[in-house]
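The structure appears right after this line, and notes come after that.
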Amino acid sequence: MSFRIDEEFVLRENQKALSWLEEDYAHLGRQLLRRGVEIERLAERAIAFRVAVPSWGVGTGGTRFARFAGPGEPRSVFEKLDDCEAIQRLVRVTPGISLHIPWDEPDSAAELKSYAAARGLFFDSMNSNTFQDQPGQKLSYKFGSLTHADPAVRRQAVEHNLHCLELGVKLGARSHTVWVGDGGNFPGQVHIRRALERYLESLRAIYAALPDGLRMYIEHKLYEPAFYSTVLNDWGTSYYCTRELGPRAYSLVDLGHHAPNVNIEMIVARLIQLGKLGGFHFNDSKYGDDDLDAGSIKPFQLFLIFHELVDAERDATPGFDPAYMLDQSHNVTDPVESLMTSAVELVRAYVQAHLVDRAALLEAQERNDAIAALQLLKQAFTTDVGPVLAMARHRAGGAIDPLAAYRASGYRGRKAQERPAAARQGAGIV
Ligand code: LRH
Ligand code: MN
């Protein structure tokens, strides 16, 4: 029988901290009331927050230099879901799972769907993969996929995406995400305008087969694996393509896919205003697409991004319904711990963004009072909303202190026993 963290264990762990939490919560509640904020409203928002976990994030990640596997690595998509269940058991905001095909290709979609449902999980976005060659694949993606000079390779890549769409319907997924590494390493290697035309032509063939109810996300990225030109390199090109494709095509913003110091919260505000913000791959980075834990390097940027999102939510912006997803690579931490704490950092930024006094901010903006405006944001960002987050998790059946509860459960050690480091099926990123 595979070890699982159950609700009774979590409730027992919470008993150790509940009285402190209630004290801190009451104290913060009084403080916030003085600022005209109802703490119960914040707790409701924290309980309602949702972010999807990447199936490819529960195994240890690596770089081109090395991968140092951890104990109890998941060896199949089912064991990945077991780890996702443990995360959801403790933080209660991650019932959605993003899958990557063919890394998570199931023998039986029905079996996989019921396995997930039995663990309170569902499938969020399906991610296609035409950035690697699979065993037995006829044509190589070495020189591209949806933009390849050879129409047969483009066709093969489109076919793969159509397969992902069919699988997505069987699994009850809500969206289809397309990221391609297509581009060139040297000036002249790729005809830049023709590559974009071919990209759009291929996307149109995929969009034409988009099943009812599903949304399509296209994910831009400045560079890597191509190191000179990448076909969908920035948000502007992404926006143009989503407009060309149609109403169910949206731009997906992966935080690590921008040049250093780019104002990502401004890109978010733009895509909201243009009605094409589809969703996010949250992570953090210091230099390139480092795929580090969300909120670990630039927490103020994460807060400012949620400030724009909450502003649109508060304005009831038409069609505003972004999908929040994590996309991280855990090279030196226990992936379950990183995904749990990253989900908590997203809820923190979201709740803090709801602390911004938007009426006072508007007044300060209209009278060009830059300092007052900044202070209003800083007041929200520097408010310790920890008691709200913990109370929300507790009320939702989760852990007041997810990390402590996870470590006390001995989950990783049990998985190390259950999952001897055998060959791993559909590993994913090296
Ligand atoms: C590309 C990316 C994309 C995924 C992959 C796992 O860098 O962000 O979202 O398909 O990582
Ligand atoms: Mn991504």
Side-chain angles (χ1 to χ4, degrees), residues 51-64 67 74 77 80 84 96-105 123-134 141 144-147 157 160-161 163-164 167-168 173 175-183 199 203 206 215-227 230-235 238 250-259 262 264 267-268 271 277-285 287-294 302 305 322-331 335 338-339 342 346 426-430:
V51 58
V53 162
S55 65
W56 59 93
V58 289
T60 300
T63 71
R64 59 184 166 166
R67 175 181 174 277
V77 63
K80 291 178 185 177
C84 292
I97 311 301
S98 299
L99 290 181
H100 223 297
I101 305 299
W103 299 336
D104 301 319
E105 181 82 37
F123 297 113
D124 192 291
S125 198
M126 304 294 288
N127 291 260
S128 60
N129 175 344
T130 58
F131 51 85
Q132 292 174 327
D133 288 346
Q134 305 303 326
Y141 294 134
S145 61
L146 298 177
T147 70
H160 166 69
N161 279 274
H163 165 67
C164 293
L167 192 50
S175 64
H176 178 70
T177 299
V178 181
W179 171 73
V180 294
D182 293 27
Y199 176 72
L203 281 185
I206 299 168
R215 299 189 346 162
M216 183 161 138
Y217 302 141
I218 58 174
E219 184 178 357
H220 59 274
K221 185 174 183 180
L222 181 64
Y223 78 101
E224 189 206 43
F227 293 103
T230 291
V231 65
L232 198 74
N233 61 314
D234 66 10
W235 76 273
S238 178
Y250 296 87
S251 298
L252 185 147
V253 178
D254 184 312
L255 273 56
H257 289 187
H258 305 86
V262 160
I264 298 175
I267 293 172
V268 171
L271 287 169
L277 177 66
F280 291 86
H281 277 177
F282 287 111
N283 48 54
D284 213 333
S285 51
Y287 306 104
D289 187 20
D290 311 338
D291 280 341
L292 299 173
D293 296 10
L302 186 62
I305 288 169
Y324 299 153
M325 301 172 268
L326 287 164
D327 178 6
Q328 300 175 177
S329 176
H330 310 110
N331 307 346
S338 277
L339 289 164
S342 299
L346 295 182
I429 290 187
V430 291

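When a ligand or atom number is given, it counts from 1 through the structure's own listing order. In this chain, residues are counted from 1 in sequence order.
Residue His257 places a heavy atom under 4.0 Å from ligand 1.
No side-chain heavy atom of Asp234 sits less than 4.5 Å from a side-chain heavy atom of Ile267.
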### Task
Verify side-chain hydrogen bond (donor to acceptor under 3.5 Å, both in side chains) between Ser329 and Asn331, making sure each step is shown before the conclusion.
CA-CA 6 Å; Ser329 176; Asn331 307 346; 2.9 Å; yes
### Task
Could you walk me through whether Ser98 and Asp124 pass side-chain hydrogen bond (donor to acceptor under 3.5 Å, both in side chains), step by step?
CA-CA 5 Å; Ser98 299; Asp124 192 291; 4.6 Å; no
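Not a single N or O atom of Asn127, backbone or side chain, sits closer than 3.5 Å to an N or O atom of ligand 1. Residue contacts with ligand 1: Trp56 is placed with no nitrogen or oxygen under 3.5 Å of a nitrogen or oxygen of the ligand (distance criterion only). Between Trp103 and ligand 1, no N or O atom pair is found at a separation short of 3.5 Å. Not a single N or O atom of Asp291, backbone or side chain, sits closer than 3.5 Å to an N or O atom of ligand 1.
Using modelled atom types and a 3.5 Å distance limit, the side chains of His100 and Asn129 yield no donor-acceptor pair.
Note on Glu219: its N/O/S atom closest to the Mn ion (ligand 2) is OE2.
Around the Mn ion (ligand 2), the angle linking Asp327 (OD2) with Asp254 (OD2) is 90°, rounded to 10 degrees.
For the Mn ion (ligand 2), the set of nearby N, O or S atoms under 2.8 Å includes none belonging to His257.
A side-chain contact (heavy atoms from CB on, under 4.5 Å) with Thr177 is found for one member of Asn127, Asp327, Leu99, Asp254 and no other, namely Asn127.
Taking the six-membered ring where the residue is Trp, His257 and Trp179 present tilted rings, their angle falling between 30° and 60°.
Contacts between Thr177 and ligand 1, counted as non-hydrogen atom pairs separated by less than 4.0 Å, are absent for every part of the residue.
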